Structures are given as C-alpha cells and as structure tokens.
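Since the structure comes first, as structure tokens, the remarks are kept for the end.
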Amino acid sequence: PPASTQWQHACATVDLSVSAVTGPSVWKYWFPEARIVVSSPTPRRQMRFICNWLRLREVWLHLVSSSSYDAEAVYPLRIQEWREYLYTSSLTQSTDDPSTSNVALKARKTKRRNATEHKRVVHDLFRGVFGKNVLDCPVPSTWLGRSLQVFQDGDEVPNDEYTTTTVQLAGWELQEIGFRWELVQLDKHLVSIDPDDFVGARSRQSLLDAVFPSKCSLHIKELPREEASIVSEAAVIRAPFVEALRLVLVRWPACPEDLITSAPLTAITSPEVFEGLEARLLQFYCQTFWVMCGRAPVLPRRLPAKYLE
C-alpha cells in the first residue's frame, strides 16, 4: 500500500546521532512486518506467509491486547523469527547437494541452523499459547469481511489478481495494527498513570483510540468504508486524527512547546501552518521512538481507494 509522504519525511529526518537504546533493549515486534510479505520472491511464499499469519491472527490479537496476559508466555519477536516461522510449517532441515563446495556448504548449514532456531523459538511460543501447532489449524473462512474459501480448497496459489489484492490488504493491516500497538505501548512507557486510577486510564485510552478511524486500538474487523485516517491525502480529512495524536503526545517528555500551546489543528485554516505543525508532530513521534525503542517505528499506510467500500 502507498506510504504517506508526511510520515516518510518524518522518519527520514530522525537524528540517528542522538543516543538510543541498544542491544537487548531494542524493541522487538509484536506483529510481523509487512515488508517480509511484500519482499517475498514468489506468490506461493507470499500466500504461505499470509495463510500462516491468518491461522494465528485472531487469538494472537486477543492475547496481546488482553490486560491479563502472561508476559513470560506472550512476548514480541525479532523480524527473523517471524519470517522463518511464518514461511514454513516444518522444523526439519533439508539435505544438501553432494556437489556443493565445503565453504558454501558450511555457510548454508550455518544459515539453515539459525533459521531453524528462529522457527523453534516461535514454535515453542505458540505451542505454549495455543496448546498445539497453530500451523496445523485451518485458515479462517473470512477475514476483513472477505471470503477465504479459495484457501480451503487446496495448496494451489490463487490467480494473480486475488494474490495481489490479498498481499496489499495483508500489508495494510499489518502496518496499521503495528503502528497502533507501538503507539499505545510507547505511550504507556512514557506517561505514568496510577494502576488504581481507572478513570484516568480510561480517559487516556479514549485519547489514543481517537487517533484511529475505528476508535479502537487494535482490532480491525472490516475494511474502512471511507478514506478517513491519519494518512489521508486531504489535510482537512486527516486533521482530526493528527489533532488526536497531538493531544496524546503533549504529555510525552520533551514535547516541543509549539505543539503543546498550539490551537487545535482542526481549527487552523492556513494549510502552511497546519502542515508545519503536523511535520513537527510526526517528526517528534519518530525521533522519540528511535530514542526509546532503538529502531524505526512501524508507519501507517494508506489503503488504496479501490478497496474502500
């Protein structure tokens, strides 16, 4: 799906010379990144990834968003772990061609051993959570209001149009839920709320929910019916969502003064002023994410207009 120019620019202008967390403190990923779907070399591998993700998607979303989940049993993963696990259902290693040179054979075995270990780590995680190998489960019959019957009928790759559509929608959803979850988690890390302050916690969650079109931080039940989000092309359409993000970020440490004292962005009539403040806001988010998390954030993407209902 197309990237937002505003978000791309914000991410590109992050000052990487500013000290950030490193090593084990770098944030892992609660959800697989869309780029490992899109960058897959063949449609068959793309479909295998998507089908495996859909097998665990619903329960994983529920577990991750549950306030009572066991942090030792449910935890984020490295990109390599997501990739290796979702691209295969086997933990076994294949045999090598006897004609392969010793150097190439050693390198291949090392790479395969690392990949197998990645798969085993995630396999053990999901077996512990689900009580079985989730990749043995059937693909759901529907997803985002779309029938997945084609995946119930065998291992054949669907036609090109269906494959392209599925990859685009899967990529959009993974970017969207990744962005939503990272924003919520970083906000919890930066804004302290008394665990017993249920009213304060509910109020804070309402602020966060307003950033998203569905007014829900994680669960996406169906495709949006209109092009209204924080990445909408028209400034007047995305303004309410950008303003909602501003109201969240003004509580973050080191928030720029002009963002704190700004009039509501929905009330600003000058396109230049709005876009200037928006750029400052998005850059502050991306810079803060880099410092606190040690990597680039997952960015929201614009759902292609042809998929809007």
Side-chain angles (χ1 to χ4, degrees), residues 1-23 25-40 76 78-80 82-83 167-168 170-187 189-190 211-213 227 229-239 241-250 252-260 262 265 268 270-305:
S4 159
T5 302
Q6 293 80 12
W7 281 95
Q8 277 190 318
H9 178 73
C11 207
T13 55
V14 167
D15 184 355
L16 301 181
S17 68
V18 176
S19 179
V21 299
T22 58
S25 297
V26 173
W27 278 28
K28 296 179 182 179
Y29 294 81
W30 283 100
F31 305 98
E33 266 206 312
R35 61 187 169 92
I36 64 178
V37 184
V38 177
S39 63
S40 184
R78 291 182 294 172
I79 284 294
Q80 300 95 319
W82 277 115
R83 179 190 291 115
V167 169
Q168 287 187 332
W172 170 80
E173 187 196 32
L174 286 172
Q175 290 292 122
E176 186 68 19
I177 61 178
F179 165 67
R180 294 184 184 195
W181 190 243
E182 288 184 349
L183 172 60
V184 170
Q185 293 306 298
L186 186 54
D187 186 73
H189 186 69
L190 296 174
V211 178
F212 316 121
E227 204 266 335
S229 72
I230 201 167
V231 291
S232 295
E233 286 193 82
V236 66
I237 296 178
R238 69 176 184 271
F241 305 101
V242 179
E243 170 61 12
L245 181 63
R246 184 187 74 86
L247 293 177
V248 170
L249 269 54
V250 293
W252 288 14
C255 182
E257 186 66 23
D258 58 341
L259 295 178
I260 296 174
S262 170
L265 299 185
I268 295 176
S270 166
E272 293 78 13
V273 173
F274 171 81
E275 290 172 5
L277 287 169
E278 177 187 37
R280 289 268 286 160
L281 183 72
L282 303 191
Q283 202 279 334
F284 172 62
Y285 173 78
C286 292
Q287 184 70 52
T288 302
F289 196 96
W290 158 252
V291 171
M292 303 304 300
C293 308
R295 62 168 173 82
V298 175
L299 301 182
R301 297 274 177 154
R302 186 178 301 123
L303 184 67

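None of the values given here were measured: they were computed from a predicted structure.
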Inset, instruction - Go through Leu190 and Thr288 one step at a time and tell me if the side-chain contact (heavy atoms from CB on, under 4.5 Å) criterion holds. - result: CA-CA 10 Å; Leu190 296 174; Thr288 302; 3.8 Å; yes
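A 4.5 Å side-chain heavy-atom check between Pro256 and Gln283 finds every atom pair outside the cut-off. Taking the side chain as every heavy atom from C-beta outward, Leu186 and Trp252 approach each other to under 4.5 Å. With a 4.5 Å cut-off on side-chain heavy atoms, Val298 and Gln175 count as touching.
With hydrogens and angles ignored, the 3.5 Å screen pairs a side-chain donor or acceptor of Arg302 with a backbone N or O of Val231. The main-chain N or O of Ala234 is never found under 3.5 Å from a side-chain atom of Ser232 such that the two would form a donor-acceptor pair.
The heavy-atom pair separating Asp15 from Gln287 by the smallest distance is N-OE1, 2.7 Å. Contact detail for Ile230 and Phe179: the closest heavy-atom pair is CG2-CE2, 4.4 Å. Across all their heavy atoms, Trp82 and Tyr29 have their closest contact at NE1-O, 2.9 Å. Taking every heavy atom of both residues into account, Leu259 and Val250 meet most closely at O-CG1, 3.8 Å. Looking at every heavy atom in both residues, Trp290 comes nearest to Leu16 through CZ2-O, 3.7 Å. In plain terms, the two heavy atoms of Leu299 and Cys286 that are nearest each other are CD2-SG, 4.3 Å.
Between the CD1 atom in Ile79 and the NZ atom in Lys28 there is a gap of 12.0 Å [rounded to 0.5 Å]. Here the straight-line distance linking atom CD of Glu33 with atom CZ of Arg83 works out to 9.5 Å at 0.5 Å rounding. Between Leu183 atom CG and Tyr285 atom OH the span is 5.0 Å, to the nearest 0.5 Å. Summarising the geometry, atom CG belonging to Leu277 is positioned 6.0 Å from atom CG belonging to Leu265; distances are rounded to the nearest 0.5 Å. With rounding to the nearest 0.5 Å, the separation of CZ in Phe274 from CD in Glu278 is 4.5 Å. Here the OG atom belonging to Ser262 is positioned 7.0 Å from the CD atom belonging to Glu243, to the nearest 0.5 angstrom.
Taking the ring centre of Phe31 as origin, the terminal cationic atom of Arg180 falls outside the region bounded by 6.0 Å and 45° from the ring axis.
Using the six-membered ring where Trp is involved, Phe289 and Trp27 have ring planes that are perpendicular, over 60° apart on the 30 and 60° scheme.
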